[in-house]
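Some notes on the structure that comes next.
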Number of protein chains: 2
Amino acid sequence: MDMLEAEGAAGLGLRELARLVGVSAAAPYRHFDSKTSLLETLAITGYQRFSTMMGEAERDSPPERRIAMMGQAYVNFALANPNLFRLMFSPELKRDNRPGLRMAADAAFDTLRAVTAALPEGDKRIAALKAWAQVHGLAVLLLDGQIARRDGEDIEAMIAAVLADKTGSLGA
Amino acid sequence: MDMLEAEGAAGLGLRELARLVGVSAAAPYRHFDSKTSLLETLAITGYQRFSTMMGEAERDSPPERRIAMMGQAYVNFALANPNLFRLMFSPELKRDNRPGLRMAADAAFDTLRAVTAALPEGDKRIAALKAWAQVHGLAVLLLDGQIARRDGEDIEAMIAAVLADKTGSLGA
DNA sequence: ATATTTATGTGGTCACTGTTAACATGACGC
DNA sequence: GCGTCATGTTAACAGTGACCACATAAATAT
């Protein structure tokens with residue numbers, strides 16, 4: 001996990017990992033079928049942590065603040081574990097349908113789906129997609145360093161401001 | 001470019017590329033300093049195409065529909081060139097400050113920044129970030145196959161619906 | 001027309017990667 | 001004590017980016 005965060009999924013090498021651990025290059029294959037398999041279990045524990053954080057944000061907030069707090073938790077998780085977050089959403093892993101990964105991902109997103117019901121009236125699915133896109137987009141842009149950070153700016157406050165912003169439609 | 005779209009930035013190999021072109025493995029180094037340098041020029045032409053599309057969307061739309069149409073163009077570009085889009089936003093390239101890349105990126109995003117002025121009143125920066133996050137998040141989630149597509153659903157219409165949705169704040 | 005520089009390509013080398021096969025070792029249950 | 005199994009080892013294969021010294025063809029200068 002440390003190595004994933006330090007080097008990214010592509011930079012994580014089984015040989016280098018084995019070297020750090022102090023074993024031979026082939027040793028990791030006694031524990032994981034392949035590098036992909038290692039990444040899969042990393043992603044799964046990522047989903048579990050994510051799930052826990054989202055669940056806590058849900059429990060510890062009054063109903064009317066839940067969505068905002070969960071959005072904040074979503075972005076915070078991404079900022080705290082950039083490469084893990086990227087791995088969790090990478091299509092490469094999703095590609096070869098690993099059932100364990102799929103289950104962990106579904107479990108994690110169920111927490112999100114549950115909040116959909118609390119959204120304002122109208123087309124629930126569209127509103128949910130919009131909220132998700134907003135939060136996910138903010139996370140990804142911050143992660144990739146696309147959003148210029150003004151010096152001394154409180155990032156958490158900025159996130160809260162974006163989520164609380166009342167700007168609605170971008171114009172039909 | 002074809003190979004980038006087919007294999008992704010990581011899967012694009014200089015040797016395999018040379019093999020396809022029919023030259024030796026070292027030949028590409030007569031044209032590009034490194035693989036990163038190749039990816040850089042790919043990203044630059046990506047920014048140029050992106051810029052063109054956004055400019056067209058701006059010109060061809062009445063002022064009140066501009067933001068929505070540009071948002072749609074943004075997502076369309078991502079869906080039409082997934083791996084190029086990913087490359088353009090990848091932090092790896094951004095890491096080693098290539099001036100050419102930075103210029104192309106700035107030029108492309110200037111078109112976006114210009115629209116900020118047309119946003120509703122309030123904190124312009126926050127509103128702009130929100131709009132950007134929304135559009136970018138939608139693009140990324142679609143790209144990564146995270147948004148389940150209902151059969152027969154018109155994706156363009158779905159995108160338009162999300163962008164037009166009037167849901168404002170997620171709750172302060 | 002000749003000489004020279006430049007662009008492009010070649011084969012070979014190095015250090016790295018994921019992966020597999022064949023083989024060793026040591027702990028645990030019967 | 002014996003066999004099984006988890007875990008390790010070494011050696012090898014094929015692929016990669018990067019780089020080198022060297023060849024050749026084209027463009028340019030004299």
Side-chain angles (χ1 to χ4, degrees), chain A residues 1-46 81-102 104 144, chain B residues 1-46 81-102 104 144:
Chain A
M1 202 67 161
D2 290 346
M3 196 171 172
L4 170 67
E5 277 310 335
E7 315 265 7
L12 187 160
L14 291 184
R15 292 186 111 101
E16 193 184 347
L17 178 56
R19 210 174 301 132
L20 287 179
V21 175
V23 294
S24 76
Y29 286 86
R30 294 291 117 142
H31 306 268
F32 302 95
D33 285 352
S34 63
K35 177 177 172 176
T36 307
S37 168
L38 204 202
L39 293 177
E40 182 199 1
T41 83
L42 285 175
I44 288 177
T45 82
N81 317 280
N83 283 322
L84 179 56
F85 183 82
R86 273 190 263 258
L87 175 65
M88 287 162 54
F89 283 93
S90 92
E92 275 98 4
L93 268 189
K94 207 181 195 307
R95 186 148 345 177
D96 37 21
N97 266 353
R98 316 223 161 204
L101 186 100
R102 204 183 175 76
D144 291 350
Chain B
M1 204 64 158
D2 291 346
M3 196 171 173
L4 170 67
E5 277 310 335
E7 316 266 8
L12 187 161
L14 291 184
R15 293 183 112 101
E16 192 183 349
L17 178 57
R19 209 174 300 131
L20 288 178
V21 175
V23 294
S24 78
Y29 285 88
R30 294 291 127 165
H31 307 268
F32 303 95
D33 285 351
S34 64
K35 177 178 172 180
T36 307
S37 168
L38 204 203
L39 293 178
E40 183 198 2
T41 83
L42 285 175
I44 288 177
T45 83
N81 318 280
N83 283 322
L84 178 57
F85 183 83
R86 272 190 264 258
L87 175 66
M88 287 162 52
F89 283 93
S90 92
E92 274 98 4
L93 268 188
K94 207 179 197 302
R95 186 152 357 214
D96 36 22
N97 266 355
R98 315 223 161 205
L101 186 102
R102 202 182 175 80
D144 291 350

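In what follows, every chain begins at residue 1, and chains take the letters A, B, ... in the order their sequences are listed.
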Rounded to whole angstroms, how far apart are [atom1] on [X] and [atom2] on [N]?
X	N	atom1	atom2	answer
B:Glu7	D:dT16	CD	P	10 Å
B:Met3	D:dT16	CE	C1'	12 Å
B:Asp96	D:dG17	CG	P	16 Å
B:Phe32	C:dT8	CZ	P	11 Å
B:Arg30	D:dA21	CZ	P	11 Å
B:Leu14	C:dG9	CG	P	14 Å

Exercise. Judged by atom type as modelled, is there a donor-acceptor pair below 3.5 Å linking the side chain of B:Lys35 to the main-chain atoms of B:Ala9?
Worked result: yes
Exercise. Judged by atom type as modelled, is there a donor-acceptor pair below 3.5 Å linking the side chain of B:Glu5 to the main-chain atoms of B:Leu84?
Worked result: yes
Exercise. Heavy-atom distance under 4.5 Å between the side chains of B:Arg98 and B:Ser37, does that happen here?
Worked result: yes
For this session: Assess whether atom CG of B:Asp2 is packed by more than 12 heavy atoms of other residues, nucleotides or ligands within 6.0 Å.
Result: no
Exercise. More than 12 heavy atoms of other residues, nucleotides or ligands under 6.0 Å from CG of A:Asp33: is that the case?
Worked result: no
Seminar exercise, completed: Per atom distances to the B:Glu16 side chain, the nearest of C:dT19, D:dT16, D:dG8 is D:dT16
Problem set entry | Nearest-neighbour nucleotide for the A:His31 side chain, D:dG17, D:dT7, C:dG9 considered | D:dT7
Exercise. Hey, does A:Ala26 reach any base, or is it just sugar-phosphate, or nothing, if we go heavy atoms under 4.0 Å?
Worked result: base
Problem set entry | Sugar-phosphate only, base, or nothing, as touched by B:Leu17 at under 4.0 Å among non-hydrogen atoms | nothing
Exercise. Looking at D:dG15, does its base get a donor-acceptor pair with the side chain of B:Arg15 below 3.5 Å?
Worked result: no
Seminar exercise, completed: Numerically ordered, the residues 35-44 of chain B set in heavy-atom contact under 4.0 Å with DNA chain C is none
Seminar exercise, completed: Residue set satisfying side-chain contact (heavy atoms from CB on, under 4.5 Å) with A:Thr41, at least two apart, ordered chain then number -> A:Phe32, A:Leu38
For this session: Verify the contact: side-chain N or O of A:Arg19 to OP1 or OP2 of C:dT17, cut-off strictly under 4.0 Å; return yes or no.
Result: yes
Problem set entry | Pair pattern of DNA chain D in dot-bracket, where unpaired bases get dots and | marks partners in another strand, Watson-Crick or G-U under 3.5 angstrom | ||||||||||||||||||||||||||||||
